[in-house]
Amino acid sequence: MYQWPSGTNPARPYDRFAVTDIDRIRNFCIIAHIDHGKSTLADRVLELTHAVSDRDMRAQYLDKMDLERERGITIKAQAVRLAHTAHGHTHELNLIDTPGHVDFTYEVSRSLEACEGAILLVDAAQGIEAQTLANYHLARDAGLVIVPVVNKIDLPAADPESVARDLAELVGCAPDEVVRVSAKTGEGVPELLDVVIERVPPPQGDPSDPLRALIFDSMFDPYRGVIVYVRVADGTLASRARIRLMATKVETEAEEAGVMAPEATPVGKLEPGEVGYLVTGLKDVHHAKVGDTVTLAGKAGAKMPLPGYREPKPMVWSGLFPSEGGDYSELREALDKLKLSDSSLVYEPETSRALGFGFRCGFLGLLHMDIVRERLEREFGLELIATAPNVEFHVLRNHEISVVHNPSEMPQPGTYDQVKEPMVLATIIAPTEYLGQVMDLCQSRRGEQADMKYLTPERAEVHYVLPLAEIIFDFFDQLKSRTRGYASLDYEPFGYEPADLVRVDVLLHGEPVDSFSSVVHREKAYQYGKAMVERLRGLIPRQMFDVAIQATIGSRVIARETVKAKRKDVLAKCYGGDITRKRKLLEEQKKGKARMRRIGRVDVPQEAFIAALRVDQKAKS
Amino acid sequence: MSAAGIYVHVPFCLTRCGYCDFNAYAGLDHLRPHYARALIAEAEAAAPDWAGEEMVSIFLGGGTPTTLDPLDLTGVLAHLRDRFEVVEDAEATIEANPDTVDREKLEALLAAGFDRLSMGAQSFDRAVLASLERIHSPDSVRTAFKAAREAGYQNVSLDLIYGADGESLESWERTVREAVALALEHVSAYALTIEPATPLGRKIAAGLVPPPDPDLQADMFALACDLFRDAGYRHYEVSNWAKPGYECLHNMGYWERRPYLGLGAGAHSYRDDHRWWNVRPPEEYMTLVGAGRRPTGGEEHLGPSDAFLEEVFLRLRTLEGIPASWVEPERAEPHLQGGLLSEAGGTLVPTERGMLLLNELVLSLTSASTPPVGLLNM
Ligand SMILES: Nc1nc2c(ncn2[C@@H]2O[C@H](COP(=O)(O)OP(=O)(O)O)[C@@H](O)[C@H]2O)c(=O)[nH]1
Ligand code: SF4
Ligand SMILES: [Mg+2]
């Protein structure tokens, strides 16, 4: 382990922050492509500033949620306040850790709003990747000062010099202005903090102006209610003040203002430029919206809110249903609570003939969907069934557009003029030797190349316009496997385009099963229909009659399978000692039947739905 | 007076067959010489409770009863006749496995009063016997059968099993035809059923052996039905065929819900919606009985809906059927139409197809029914 140079570490106590001169505050974040070392760097910074005692230190300290620790990714941005001494002065550093996955670009832009500067971290062995670019552009557009940093210089395969050159070119600075660190050993990290203090400007604002604090994150605590994370722009936010949330017009008392150091630590007040938390005392998750402005109640309040965030736009939709015997209202409550700490989640009630009452939910992407589902199951103890995810469609009829989030609501062919699907502009960075592979893949996914440029003679950046539906499932895995892991991907919404899409329905014994409907490109409809009916044939238990499983487009059958009627269902032996047991078996069978869903005349166990929907995601992917 | 039966369980076998989940043990030879004494002690203690109950059948099953000394078997039967009100012409069955009997032993058993012999043949195909992990060969079945006839047995039944791994429809046909050629009085033919807690069950779970194919078993069932019918057998229960007059009176008692007293390790008893059973391990059973205690291991009292369900599913196993008045006509109607049930003189009887789908039939006939008034004091 790297030895900290002596004298860099101030004593750790906290109260020296009680009031910090605004000129000594630095709010910054770390942005990077996934796995380039953000969380590890944050750990080193926490250690260096003695924010966490050695005993409490654990790897990736800021990745709080169990889920994050298990998956090794950062989902929710975390803010933490630190002390660092440079040039003889102790500074207050507010570090905001951000997620790296493309699903969570939205979280990144929120954390950017709370910062004046950003450390742009690049892996010295990997070089610039697609999300390096995406995050860099977000930070630059938000007006942040960029501190370019090359990480992992300890790696034998590292090429810090050439990566520093590329990075300098990207951000427009001299290569020797690029900081070199190893987040693993800690080398260069103290110097990096000095650079942050030098280059990142302090926030501005007047503590005597009317209070305006931006809510950039929120959570629900079962004991304390709604807690919001804020950055104060103007004025002073003091504990016990009467406050108003400007968008929702809700008034409440600021029960406690504090900072994350990195554990929650109450402070008397938060002043301009400071980042901290506020226990609002609110119980309703809908009253505190991310992007809203906190001000004081009454006359002392500000007139104009701070510019808020743009509402995140869900990209992927899926139905969530309580599994058998589960409770719809529990699911609603859980979603309401989750929404508070994840404002990108949207949902509306949905009724399925096959799965009962549930919600159609919008997610930022598949990873986001998985995480929401896992959090619902883990944190709220729910058991859920999720339908296969789909994108949103715009259906044009007589010059009117209707937005469809659910394939089973897609009108029948011939009843509308046109369907449009969401497109994305994808940025792919790959070694030039794999370009052919990358292009083949994009072509097979209905992609159109927009442009291409060589970053170096060995690496190229290509842009493709692709249907979102073609890339959300397994595109990234395919890309990785075709480029032996060397390609990186980022994408952003790119409008809607007309497409030859059709709705494929699945019928059991002539009855459509709404949760199996899907909207697919006409050329892939047959393949999809065939795969789906074959899979279902293996999952639907044999009934007393032959069950036809059909995939249809409108009234046309495109694939068909039959589950043959069962011929034998009897207990072969039944004598003295068997009778009790056999009666119980029959009772079990009876209960099992009662638990099944009935589609027309066909009894389908819930497990069959779950299995069909689960495999469906894989098959599509 | 309700024509009761006595079942005696002998839990010993030479080896254990791979599919078997009966209360049967190989390697307990040291207990065998003392087992008959335990049976007699238990019978002695139970007799007063059954006073006034007319016993129409006695059945020694297992396990393999013929692993006991014929003198012991003779003694047990004599004791039962002595202590219970066994009718003069009571049916007395003994189960046997080939390789445990010869002509001499069979003569002794017949002389002792076991007038019905039920033998575990299972198949006449060597490969099928191997797949079932039976220790005997087809020839030892033939030899044992011949010995039974020579000893004077005029009421012999064979057990057959169909659907083992490797058994084709053709092989099964040969087995059935050979059984028919023996001019048996009675045949039981069972679809091989996989019990998870058996060596075969574990092999199937581990993917080492394929599970029986239910469609092939359905074809085998249909074939058996045809061949036995052609040979003059009455298909009187799902898995049982008999020449007229040779139906097993004892087993009919189970399906008619007549009372029975079970003696021996793990044996079940039943009377008036009360069922109880003995502890299963032979040693524990013998110890309890030896100490003068009841070897009961558990019991249940059937409520009206349990009793009704049993009544329906047991009676529908046989040609006895159930009174049409027990079920709502609209429940029976689709099955009469669909050929799973037939109705004659106000009685619903399963067809052969219906027998094969009996679980579904019972569930759909009973799901909303409440026990008809009057059933409870039948
Ligand atoms: N060798 C080396 N590995 C590092 C360094 N920084 C991070 N890592 C490793 O890179 C992986 C990804 O790091 P992490 O901090 O989770 O990246 P994040 O996704 O950007 O938060 C982890 O296995 C880290 O241990 C470094 O400076 N040197
Ligand atoms: S002979 Fe019968 S009771 Fe004994 S192990 Fe084999 S199948 Fe089981
Ligand atoms: Mg991380």
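Predicted, not measured: the structure shown is a model, and the values here were computed from it. Keep in mind that the numbers below use all heavy atoms, side chains included, and drop hydrogens, waters and symmetry copies.
Of all the heavy atoms in Ala572(A) and Ala191(B), the pair that sits closest is CB-O, 3.5 Å. Taking all atoms of both residues into account, the shortest heavy-atom contact from Thr580(A) to Trp277(B) is OG1-CZ3, 4.3 Å. Glu587(A) approaches Asp306(B) most closely through the heavy-atom pair OE2-OD1, 3.2 Å.
Side chains of Lys573(A) and Val238(B) form no contact here, defined as non-hydrogen atoms less than 4.5 Å apart. Considering only heavy atoms from C-beta on, Lys593(A) comes within 4.5 Å of Leu363(B) through its side chain. Contact check for Lys590(A) versus Thr366(B): side-chain heavy atoms found under the 4.5 Å cut-off.
For Tyr25(B), the OH atom counts as densely surrounded, since its 6.0 Å shell holds more than 12 non-hydrogen atoms of other residues, nucleotides or ligands. The local environment of CZ in Arg484(A) is sparse, with at most 12 non-hydrogen atoms from other residues, nucleotides or ligands closer than 6.0 Å. Other residues, nucleotides and ligands contribute only 12 or fewer heavy atoms inside 6.0 Å of the CD atom of Glu383(A). Taking a 6.0 Å sphere around NZ of Lys530(A), one finds it holds 12 or fewer heavy atoms contributed by other residues, nucleotides or ligands.
In terms of heavy-atom pairs under 4.5 Å with chain A, the best-connected choice from Asn23(B), Thr193(B), Leu358(B), Leu361(B) is Leu358(B). Most heavy-atom pairs under 4.5 Å with chain B: of the set Lys582(A), Lys564(A), Arg542(A), this distinction falls to Arg542(A).
By the 4.0 Å N-to-carboxylate-O rule, Lys566(A) lies close enough to Glu360(B) to be salt-bridged with it. For the pair Arg567(A) and Asp219(B), the salt-bridge criterion is met [side-chain N within less than 4.0 Å of a carboxylate O]. Taking 4.0 Å as the cut-off between side-chain N and carboxylate O, Arg583(A) and Glu300(B) count as a salt-bridged pair. A salt bridge links Asp21(B) with Arg581(A): the distance from a Lys NZ or Arg NE/NH1/NH2 to an Asp or Glu carboxylate oxygen falls below 4.0 Å.
Proximity to chain B (any heavy atom under 4.5 Å) is shown, for Leu571(A), by both the backbone and the side chain. Residue Phe22(B) touches chain A through its side chain alone, counting heavy-atom pairs closer than 4.5 Å. For a residue to count as touching a neighbouring chain, one of its non-hydrogen atoms must lie under 4.5 Å from one of that chain's; by this rule Leu302(B) touches chain A with the side chain only.
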Test log, rule side chain to side chain contact (heavy atoms under 4.5 Å, CB included), inputs Met544(A) and Leu340(B) = CA-CA 11 Å; Met544(A) 295 288 275; Leu340(B) 299 186; 3.4 Å; yes
Does the pair Val570(A) and Met355(B) meet the rule for a side chain to side chain contact (heavy atoms under 4.5 Å, CB included), with working shown?
-> CA-CA 7 Å; Val570(A) 61; Met355(B) 282 183 171; 6.0 Å; no
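A distance of 5.5 Å separates CG in Leu309(B) from CG in Leu586(A), rounded to the nearest 0.5 Å. Between the SG atom of Cys574(A) and the CH2 atom of Trp255(B) there is a distance of 8.5 Å, given to the nearest 0.5 Å.
Proximity to chain A at a heavy-atom threshold of 4.5 Å picks out Tyr260(B), His268(B) from residues 260-271 of chain B, in numerical order.
Using the six-membered ring where Trp is involved, Tyr190(B) and Tyr575(A) have ring planes that are perpendicular, over 60° apart on the 30 and 60° scheme.
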